[in-house]
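Basis for what follows: all heavy atoms, side chains included, without hydrogens, waters or symmetry-related copies.
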Amino acid sequence: MMALCLKQVFNKDKTFRPRKKFEPGTQRFELYKKAQASLKSGLDLKAVVQLPPGESINDWIAVHVVDFFNRINLIYGTMSEFCTEKSCPIMSGGLKYEYRWQDDSKYKKPTKLSAPQYMCMLMDWIEMLINNEDIFPTRIGVPFPRQFQQVCTKILTRLFRVFVHVYIHHFDSIINMGAEAHVNTCYKHFYYFIREFSLIDHRELEPLVRMLQGWGG
């Protein structure tokens, strides 16, 4: 049902970046299929995110990080026509929260960017990381680096900010597109996953805390 909704509501041509795919026949691909089957079965999302018995936690996290990148990439790609330099000159979540960009190359200090600029930098940065075999190894027997979960925390923290911006600044557009149910489901899935494995500092979640209280989360 969720996949059907996604096809009806979102135009895949508007994906902000090319989708990262899992190689058929690999363990990661099988885990991805297992996760998708659970998601589409209508199971409680809190149960869906739990680590399947006998599976590697790092593989499970890797699969979800890539999948959330694809989904959030698709959501923002669809919203991007409403998120412009003029409408969103600052990457923010309302008046209280402002997000500055920092990386190891062009922006070595936290830098104020417009929301579209921030999104561009973010998606490029995540794409670079998930395609880096030293961080997200795909070959059998190649171990994950020691800092893997730390890298994933940083990725997921920044992806959470996309939800913050979209919900606070573009929620009317979501409703007008009839995409509210899909975006809410995607966010719930994301939230229950990061909570299950304590992957984001709870202080980062404050901008959307009222929504979580409304869900009983």
Pair up each side-chain donor or acceptor in residues 145-156 with any protein partner under 3.5 Å, not counting sequence neighbours, and list the distances.
unit_1: Q149; atom_1: NE2; unit_2: N58; atom_2: OD1; d: 3.0
unit_1: T153; atom_1: OG1; unit_2: Q149; atom_2: O; d: 3.1
unit_1: T153; atom_1: OG1; unit_2: L199; atom_2: O; d: 3.0

* Do W60 and E196 pass the side chain to side chain contact (heavy atoms under 4.5 Å, CB included) test, and can you show the C-alpha distance, the side-chain angles, and the key distance before you say yes or no? -> CA-CA 12 Å; W60 190 239; E196 175 74 12; over 6 Å; no
* Decide side chain to side chain contact (heavy atoms under 4.5 Å, CB included) for C83 and Y76; before the verdict, give the C-alpha distance in whole Å, the side-chain angles of both, and the deciding distance to 0.1 Å. => CA-CA 9 Å; C83 185; Y76 183 72; 3.1 Å; yes
* Structure fact -> d(Y187 OH, F160 CZ) to nearest 0.5 Å is 4.0 Å
* Asked: Is there a side-chain contact between D59 and F144, using heavy atoms and a 4.5 Å cut-off?
  -> yes
* Closest heavy-atom pair and its distance - F190, L159 -> CE1-CB, 4.2 Å
* Asked: For T157 and R161, what are the C-alpha separation, side-chain angles and deciding distance, and is it a side chain to side chain contact (heavy atoms under 4.5 Å, CB included)?
  -> CA-CA 7 Å; T157 298; R161 295 170 183 177; 4.0 Å; yes
* **Side chain proximity check, R195 to Y192, heavy atoms < 4.5 angstrom** => yes
* Give the minimum heavy-atom separation between G94 and I168, together with the two atoms involved. => N-CG2, 3.4 Å
* To do: Indicate yes or no: at least one non-hydrogen side-chain atom of V162 is less than 4.5 angstrom from one of L122.
  => yes
* Structure fact -> Rounding to 0.5 Å, atoms CZ (F193) and CD (Q50) come to a distance of 11.5 Å
* Asked: For the residue pair D104 and K108, what are the closest heavy atoms and their distance?
  -> O-CE, 3.7 Å
* To do: Find out whether M121 and W101 are in side-chain contact, i.e. whether some heavy atom of one side chain is under 4.5 Å from a heavy atom of the other.
  => yes
* Worked check of side chain to side chain contact (heavy atoms under 4.5 Å, CB included) between R158 and Y118 -> CA-CA 10 Å; R158 289 179 168 182; Y118 187 99; 4.1 Å; yes
* Side chain to side chain, P207 and K96, heavy atoms closer than 4.5 Å -> no
* To do: Starting at CD1 of I75, measure out to CZ of F163 and round the result to the nearest 0.5 Å.
  => 5.0 Å
* Indicate yes or no for a side-chain donor-acceptor contact from D67 to the backbone of V63 under 3.5 Å, with no hydrogens or angles considered. => no
* **Spatial distance of atom OG1 (T78) from atom CG (N73) [nearest 0.5 Å]** => 9.0 Å
* Spatial distance of atom NE2 (H170) from atom CD (E81) [nearest 0.5 Å] -> 11.0 Å
* Asked: Are I90 and L113 connected, step by step, through hydrophobic side chains (Ile, Leu, Val, Met, Phe, Trp, Tyr) whose heavy atoms are closer than 4.5 Å?
  -> no
* **Minimum heavy-atom distance between L51 and F197, given as atom pair plus value** => N-CZ, 4.0 Å
* **Side-chain donor-acceptor contact under 3.5 Å, S87 with H169** => no
* Heavy-atom distance under 4.5 Å between the side chains of H165 and M119, does that happen here? -> yes
* Under 3.5 Å, side chain of E204 to main-chain N/O of D201, donor-acceptor pair present? -> no
* Structure fact -> Interatomic distance, CG@L74 vs NE2@H182, rounded to 0.5 Å, equals 6.0 Å
* To do: Name the orientation class of the two ring planes belonging to Y167 and F171 (parallel below 30°, tilted from 30 to 60°, perpendicular beyond 60°).
  => tilted
